[in-house]
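Counting begins at 1 with the first residue of the sequence. Whatever order the structure lists them in is the order used to number ligands and atoms, beginning at 1.
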Amino acid sequence: MAKLKILEFPDPRLRTKAALIDVVDDQLRIFIDDMLETMYEASGIGLAATQVDVHKRLLVTDVSSEKNEPLALINPVILEKDGVIVTGEGCLSVPGYYEEVERAENIKVRFLDREGDEVELDAQGLLAVCIQHEIDHLDGKLFVDYLSEVKRSRIRKKLEKERRQQTAVVS
Ligand code: GNR
Ligand code: NI
């Protein structure tokens, strides 16, 4: 297994629209395991392939408290949305920031699982929020896009400054 590097806002590669996956094979399953390892290592509840600079329609998630319910969703499509939920969201690509975002509370999502079998899943609450957050990544969208321009640019400037200071230390 391998831990992958997570891109951070405002990296323009996070704006890439991911392409459909046409074969579910062992190579993809190895990549899914690397994504899960990366997500667990970073203490995240989800990770989209876009965040590790792979522009394919794939996300992993585990919202369980025991961290023993890994899920991989390949080519996910939301079929139905219902209700509204407001959650304080964070993102591994926007480290250190948490802001309230409004999403559908209940969704029905269709995807291929790691065996390549078609699955339809009804998700509620945090799992529904996480899947919507990850599918946004696959479309090049970030949770900060739902915030005001003022908040988004404040977050961008702070992260850019942090990155400059980090670079100054290591180089
Ligand atoms: O770890 C994460 N927590 C989280 C909390 C509320 C709403 C969405 C998320 S997803 C995030 C991991 C991440 O950045 N996935 O793309
Ligand atoms: Ni995210």
ask   = Step by step, would you call Ser93 with Gln51 a side chain to side chain donor-acceptor pair (under 3.5 Å)?
value = CA-CA 7 Å; Ser93 296; Gln51 292 177 276; 3.0 Å; yes
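Nearest protein heavy-atom neighbour of atom 9 (C) of ligand 1: Gly90 O, 3.5 Å. The single protein non-hydrogen atom nearest to atom 14 (O) of ligand 1 is Leu92 N, 2.8 Å, given as residue, atom name and distance. For atom 7 (C) of ligand 1, the closest heavy atom belonging to the protein is Glu89 CG, 3.4 Å. At the shortest separation from atom 3 (N) of ligand 1 among protein heavy atoms lies Ile45 CG1, 3.3 Å. In terms of protein heavy-atom proximity, atom 12 (C) of ligand 1 is nearest to Gly46 O, 3.2 Å.
For the side chain to side chain contact (heavy atoms under 4.5 Å, CB included) test with Glu115, the passing option among Leu112, Val119, Asp113 is Asp113; the others fail.
The side-chain heavy atoms of Glu99 and Phe143, taken from C-beta on, include a pair separated by under 4.5 Å. Between Glu102 and Ile85, every side-chain heavy-atom pair lies at or beyond the 4.5 Å cut-off. When side chains are defined from C-beta on, Gln132 does not count as touching Pro76, because their heavy atoms never get closer than 4.5 Å. Using a 4.5 Å heavy-atom cutoff, the side chains of Ile32 and Ile74 are in contact. Looking at heavy atoms from C-beta onward, Glu105 lies out of side-chain contact with Gln124 at the 4.5 angstrom threshold. Residues Val77 and Leu79 meet the side-chain proximity criterion, which asks for heavy atoms closer than 4.5 Å.
Within ligand 1, the atoms closer than 4.0 Å to a non-hydrogen atom of His137 are 16 (O), numbered from 1 in the order shown. Interface of Gly44 with ligand 1, defined as ligand atoms under 4.0 Å from a residue heavy atom, comprises 1 (O). Within ligand 1, the atoms closer than 4.0 Å to a non-hydrogen atom of Glu134 are 10 (S), 13 (C), 15 (N), 16 (O), numbered from 1 in the order shown. Of all atoms in ligand 1, listed by their number and element, those nearer than 4.0 Å to a heavy atom of Cys91 are 14 (O). Within ligand 1, counting atoms from 1 as listed, the ones closer than 4.0 Å to a heavy atom of Gly88 are 6 (C).
Here His133 has side-chain heavy atoms under 4.0 Å from ligand 1, and that is the only part of it that gets that close.
Using a cut-off of 4.0 Å between Lys/Arg side-chain N and Asp/Glu carboxylate O, Arg13 and Asp11 are scored as salt-bridged.
Computed with the Ni ion (ligand 2) at the centre, the His137 NE2 to His133 NE2 angle is 100°, stated to 10 degrees.
Ligand 1 has an N or O atom lying under 3.5 Å from an N or O atom of Gln51, backbone or side chain.
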